[in-house]
Amino acid sequence: MGVPAVVAVLAVVLALPARGLENGLARTPPMGWLAWERFRCNVNCREEPHQCISEMLFMEMADRLAEDGWRELGYKYINIDDCWAAKQRDAEERLVPDPERFPRGIKALADYVHARGLKLGIYGDLGTLTCGGYPGTTLDRVEQDARTFAEWGVDMLKLDGCYSSGKEQAQGYPKMARALNATGRPIIYSCSWPAYQGGLPPKVNYTLLGEICNLWRNYDDIQDSWDSVLSIVDWFFTNQDVLQPAAGPGHWNDPDMLIIGNFGLSYEQSRSQMALWTIMAAPLLMSTDLRTILPSAKEILQNRLMIQINQDPLGIQGRRIIKEKSHIEVFLRPLSQAASALVFFSRRTDMPFRYTTSLAKLGFPEGAAYEVQDVYSGKIISGLKTGDNFTVIINPSGVVMWYLCPKAQLIQQQGPRGTSRLPLL
């Protein structure tokens, strides 16, 4: 890079107009649990009562967030996805939940969730039908459905785009933003609009999107596989010059759910997804069974320093700064108080790789020294100077992640009585 990486990332951000959907919500990336990837549209409650989309599933997940240490770390949203609704609207054309699977209704579920210090999210679709074939929210139903969600006590809406045209989306997504704000209830608004328009300009106007939505899906749905994670990582960082400036407090790119704790990722790959999503300032929406999650997956998802980095108040999305021929990639995210996060990521499939570099080669300013903490191991390197070479050992499909804070710098000044060392902040 022609400009030091840290300076370059900040320059891009500072050049942007500070505009966004100012409903005061999602000032850091939302955190919580979302049903879709793990539980999909399973409505077979007779044969799979503990795996189907029902009020019991969401109540049990709310219990786990409240009782197993998740809530205190920031995981506060319990989000319903598709297939919650009855197949028909009621006599007054209102959306209603399936009466067998949600017998108490969504309002009672919201009350249950709120009583545990959590928030409830729900799913809609700006079309004739949802992706799963349930009633959609056509343009003439936008205000009514927004009022319904508010009356139920919903705290987040994910609005999908199946069975709608580009013209309808261009009208409907801004219309829903206005309708939600008009209810007077604080409701985070997640839009799938850019994903249906290819995710990139000129079809996607990210300046406009930031004025309408709190977060948005840009790309394909995640699946329970490492290939899926890699495809998302590839797309987001290949297009980082467009995507990275669009993110910030109140308006986030959403690369989709965390699949850590499911079936498709190894331990190393799980650590990699968590680190790369954190570098992207992505929402941390888990989609796994919290009732049976393994301790190793829970440890990754509950890593306090990782969450602190993800939730950094500056809200700057990170960038890939190096892509080596050795299949090692380096990612940087600037943080508040002049701190930074680095991820060293291996796409290798052979054996652990020794990667040697220096902070100077990664674009950090000359003459600085840093306190470095390994985000996963907790090990600390004190006083790492910009010019010092260091080596990290990265496992195949794994990461090493560092949190770096600047230390008081020492310079030498020659005086009449010899050399003195002066601390500079």
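Note that the structure is predicted; figures quoted are calculated from it, not measured. When a residue number appears, it is its place in the shown sequence, counting from 1.
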Main chain of H50, side chain of R291: is a donor-acceptor contact present, judged purely on distance under 3.5 Å? yes

Do V375 and N303 have side-chain heavy atoms sitting under 4.5 Å apart? yes

Taking the side chain as every heavy atom from C-beta outward, state whether C191 and L159 have any atom pair closer than 4.5 Å. no

Decide whether E268 and N395 meet the rule of one side-chain donor and one side-chain acceptor closer than 3.5 Å. yes

When you compare the side chain of M31 with that of I307, does any pair of heavy atoms fall below 4.5 Å? yes

Strictly below 4.0 Å, N to O, side chains only: are D145 and R141 in salt-bridge contact? no

Give a yes or no on whether the backbone of M257 and the side-chain of Q273 come within a donor-acceptor separation of less than 3.5 Å. yes

Flag for N262-T288: side-chain donor and acceptor within less than 3.5 Å: yes

Counting C-beta onward and ignoring hydrogens, is there a side-chain heavy-atom pair between I212 and Y189 closer than 4.5 Å? yes

Could you check if a side-chain atom of W33 sits within less than 4.5 angstrom of a side-chain atom of L258, using non-hydrogen atoms only? no

For residues Y355 and E324, is any side-chain donor paired with an opposing acceptor at under 3.5 Å? yes

Can you tell me how far apart CD1 (I122) and NZ (K158) are? Round to the nearest 0.5 Å. 12.5 Å

Any side-chain to backbone donor/acceptor pair from E366 onto A360? Under 3.5 Å, distance only. no

Please determine if R40 and D82 form a salt bridge, counting it only when a charged side-chain N lies under 4.0 Å from a carboxylate O. no

Strictly distance-based, threshold 3.5 Å: is any side-chain N or O of S228 a donor or acceptor partner for the main-chain N or O of S225? no

Student check: side-chain heavy atoms of L139 and E168 closer than 4.5 Å: yes

Donor-acceptor under 3.5 Å (S340 side chain, L404 main chain): no

Which value, rounded to the nearest 0.5 Å, describes the distance between R304 atom CZ and Q302 atom CD? 8.0 Å

Determine yes or no for a side-chain-to-main-chain donor-acceptor pair under 3.5 angstrom, with E55 supplying the side chain and L109 the backbone. no

Does a side-chain N-to-carboxylate-O contact under 4.0 Å join R319 and D241? yes

Step by step, would you call R38 with D81 a salt bridge (charged side-chain N to carboxylate O under 4.0 Å, His left out)? CA-CA 11 Å; R38 176 61 181 82; D81 209 273; over 6 Å; no

So F344 and W402, would you call those rings parallel, tilted or perpendicular, with 30° and 60° as cut-offs? perpendicular

Under 30°, 30 to 60°, or over 60°: which ring-plane class applies to Y173 and W193, parallel, tilted or perpendicular? parallel

In terms of the angle between their ring planes, are H251 and W216 parallel, tilted or perpendicular, with boundaries placed at 30° and 60°? parallel

F331 vs F345 aromatic rings, parallel, tilted or perpendicular, using cut-offs 30° and 60°? tilted

Is D256 reaching over with its side chain to a backbone N or O of I222, donor-acceptor style, under 3.5 angstrom? yes

Between CZ of F39 and SG of C52, what distance do you get to the nearest 0.5 Å? 9.5 Å

Kindly assign one of parallel, tilted or perpendicular to the pair W235 and Y219, based on the angle between their ring planes and the thresholds 30° and 60°. parallel

In terms of side-chain heavy atoms, does N218 have a donor or acceptor partner in Y206 at a distance below 3.5 Å? yes

Counting heavy atoms not belonging to E299, are there more than 12 under 6.0 Å from its CD? no

